[in-house]
K.L.:
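Please find one structure pasted underneath; my questions will follow.
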Protein chains: 2
Amino acid sequence: MLTERQLFLLKLLVNDYIKSAEPIGSRAISKRDDVQFSSATIRNELADMEELGYLEKPHSSSGRVPSEKGYRYYVDHLLSPAMLSKQEMVDIKKAFREQYYELEKLIQGTADILSDFTNYTSIVLGPEVLETKLKHIQMISLSAETSVLIIITNTGHVENRTVSLPKGIQPQEIEKLVNILNVRLKGTPLYKIKFAIDREIKDVLRQHLSQYQLAIKMLNEALSYHPLDQIYYGGKTNMLAQPEFKDIDKVLPLLNALERKDIVYDLLKPIGDSRIHIKIGQENDFNEIKNCSVLTASYSIGGEHLGTVAVIGPTRMTYPKVVTLLDIVSRSLSKSLTERYQGY
Amino acid sequence: MLTERQLFLLKLLVNDYIKSAEPIGSRAISKRDDVQFSSATIRNELADMEELGYLEKPHSSSGRVPSEKGYRYYVDHLLSPAMLSKQEMVDIKKAFREQYYELEKLIQGTADILSDFTNYTSIVLGPEVLETKLKHIQMISLSAETSVLIIITNTGHVENRTVSLPKGIQPQEIEKLVNILNVRLKGTPLYKIKFAIDREIKDVLRQHLSQYQLAIKMLNEALSYHPLDQIYYGGKTNMLAQPEFKDIDKVLPLLNALERKDIVYDLLKPIGDSRIHIKIGQENDFNEIKNCSVLTASYSIGGEHLGTVAVIGPTRMTYPKVVTLLDIVSRSLSKSLTERYQGY
DNA sequence: AATTAGCACTCGACATCATAGAGTGCTAAC
DNA sequence: GTTAGCACTCTATGATGTCGAGTGCTAATT
């Protein structure tokens, strides 16, 4: 186990390294006002902690750098959440008080706040379509052959799809069809809609619609496709400014990984029940981001999990600040959403 | 004026440089099968063309590189559009035949094709909201206090905005309101809607609605905000793979510039009447992209200009291929849109 | 008069080498 | 247990030298 003094030094070293991005030497530590011991003492302590795996040296005669184990210990036991400046708090409050005319804007705004305030990259997973329920369905004709099908969910999300109308179907038929769908499917989770049509609505449709086969076919096409591209980014290029990514070969695989939906979904999948979840370096399963840490928090409407907000940056990340910010932002987003869409 | 032989050499040099990204020397040219003259002759010709401003040397004893004037001449007089491979043509056809359920997807798909096939960055300006007309308006209640206002345009674009309902307004009133709006405002260009409400609808509303002041206020709020964020990107990180941007300080200002809407709007503003418009290096007004060329084409529905597609890459760009691709893609997009949304 | 061979010269790329400086580990003294 | 002292290690930096691709110019050739 680490001694009191070792913990003190570890915390100090991690904090300094996060600021400077340079390996920290014993002399630099001993010079600080809040440190009384000589550099030799510190050298001994650092050597011990290195042996225990909390620190590393980039090369044999350089200063120390936290290892992943070191970061993990720091995050679990030594991290004291940062205070945000008054100005920052005001800015955040203001951003969430603003009138957003679309749910998408609110979420994008959240991503922007996270990246602007951290200088890292932020990712926000939009409300999961799979878990949202149908509120209202509407079909609006564009021309003789095309209509726009509009699906509104309980979360205020609006989905629209252009559909080609089967030839020969009557406008009144469409109207009837939409009416039936609205009455029967209201409250159905989106992912169950196709199933519900097949099981419950088919017969009703057959009774009321002359062109019922065509209608079924059209509905199946329009509803079959689940666009899950609900990923919002902020500060995508912020990574480029981090010294650890100063050469392009390091940053390119990273940026490409962040474009891949499967990877992002996996990185942000909610785990554990702590408010903020932290994954450091290799704890993330992807080689492309082995030098990065991912901090996630979830947001909700009225307590029900809706989506995830995340910040991704180098393992050498300002954890205290990001933790605080994620906490505030995820709460603010939940609050804002709940106020707006609670009564579904 | 340039001699026949000089033109031949210029074209050849530009083509080679585009491929290799290395300065081209006289010896390398003379070694080619299709070149008969000795390297000394070529040296003389190159020196002459340099004096005329068509070529440059990175340093005094290196090979030649095209100047912007050289690229401009090449593009205006020497460029022969490339043929796409059969496979490429098939892929494009396939992409545009695909069923897109939302206008946005079709446009994003277009951007993706452009960037995938060129390895540069593509930008597509979505249909300009300002020039599109109201097709249908709809209001769907989410809760007692909030509704979603849905605006559908003749281009199949669906806009949705969350509005807070004034307290005390009756559902029937809302219904009446929406009916009036639909009857009166159909076909009105979006940017004129507020104006139209003020001029024409006010009185009608006063006659029919008890809470007419509240309704007006709400409408003004909901319709006042014009989201113009209709910029779709493809291959944002492709620039990083270009040798001219191998160090991050060169590429960061570029990427940031491409995030700025004002800059992008300016870069893509339609000019001239040629199908493909090319701006080389400094011809673009922004310092951040002085090493880049921007190629644009416009797309339309039934002949009416709707938006712009563009490819941005280093001045050392494969102009022939990009020109051909932009031509095909912009035509395909126009065709696809016209088929779908023509009958507005 | 146009073309080409020949040659001295230029400049960047690359490798080699020396040096300075920050940092360590170890030993012995406090 | 702590610290001063010192030899040692490794990187970063800059100076130096060499190689090769390329040029410009002159004189010879066609």
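So that the names make sense, note that chain A is the first sequence line, chain B the second, and so on, each numbered from 1.
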K.L.:
Can you tell me how the ring of B/Phe8 sits relative to the ring of B/Phe37, calling it parallel under 30°, perpendicular over 60° and tilted otherwise?
P.N.:
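B/Phe8 vs B/Phe37 ring planes: perpendicular.
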K.L.:
Rounded to the Å, how far apart are B/Glu4 CD and C/dA2 C1'?
P.N.:
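In whole Å, C/dA2 C1' lies 17 Å from B/Glu4 CD.
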K.L.:
Which of parallel (below 30°), tilted (30 to 60°) and perpendicular (above 60°) describes A/Tyr54 and A/Tyr73?
P.N.:
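Perpendicular: the ring planes of A/Tyr54 and A/Tyr73 meet at over 60°.
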K.L.:
Tell me which residues in residues 14-44 of chain A lie within less than 4.0 Å of DNA chain C, going by non-hydrogen atoms.
P.N.:
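Going residue by residue through residues 14-44 of chain A, the ones with a heavy atom under 4.0 Å of DNA chain C turn out to be A/Gly25, A/Ser26, A/Arg43.
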K.L.:
Within a 6.0 Å radius of atom CZ on A/Arg27, are there more than 12 heavy atoms belonging to other residues, nucleotides or ligands?
P.N.:
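Incorrect, the count does not exceed 12.
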K.L.:
Round to the nearest Å and state the distance from B/Leu46 atom CG to C/dT4 atom P.
P.N.:
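My rounded result for the distance is 14 Å.
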K.L.:
Restricting to side chain to side chain donor-acceptor pair (under 3.5 Å), what partner residues turn up for A/Asn238, sequence neighbours left out?
P.N.:
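Side chain to side chain donor-acceptor pair (under 3.5 Å) list for A/Asn238, sorted by chain: empty.
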K.L.:
Is any side-chain nitrogen or oxygen of B/Ser60 closer than 4.0 Å to OP1 or OP2 of C/dT10?
P.N.:
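No, outside the criterion.
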K.L.:
Of all nucleotides in DNA chain D that come within under 4.0 Å of a heavy atom of chain A, which is furthest toward the 5' end and which toward the 3' end?
P.N.:
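On DNA chain D, the outermost contacted nucleotides are D/dT2 to D/dT11.
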K.L.:
Short question: side chain of A/Glu45, backbone of A/Arg5 - any donor-acceptor pair under 3.5 Å?
P.N.:
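A pair under 3.5 Å: no.
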K.L.:
Are B/Lys236 and B/Tyr233 in a cation-pi setup, meaning NZ or CZ lies under 6.0 angstrom from the ring centre and within 45 degrees of the ring axis?
P.N.:
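Ring-cation test returns yes.
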K.L.:
Would you please test B/Ser293 and B/Arg316 for side chain to side chain donor-acceptor pair (under 3.5 Å) and show each step?
P.N.:
CA-CA 8 Å; B/Ser293 286; B/Arg316 183 190 62 78; over 6 Å; no
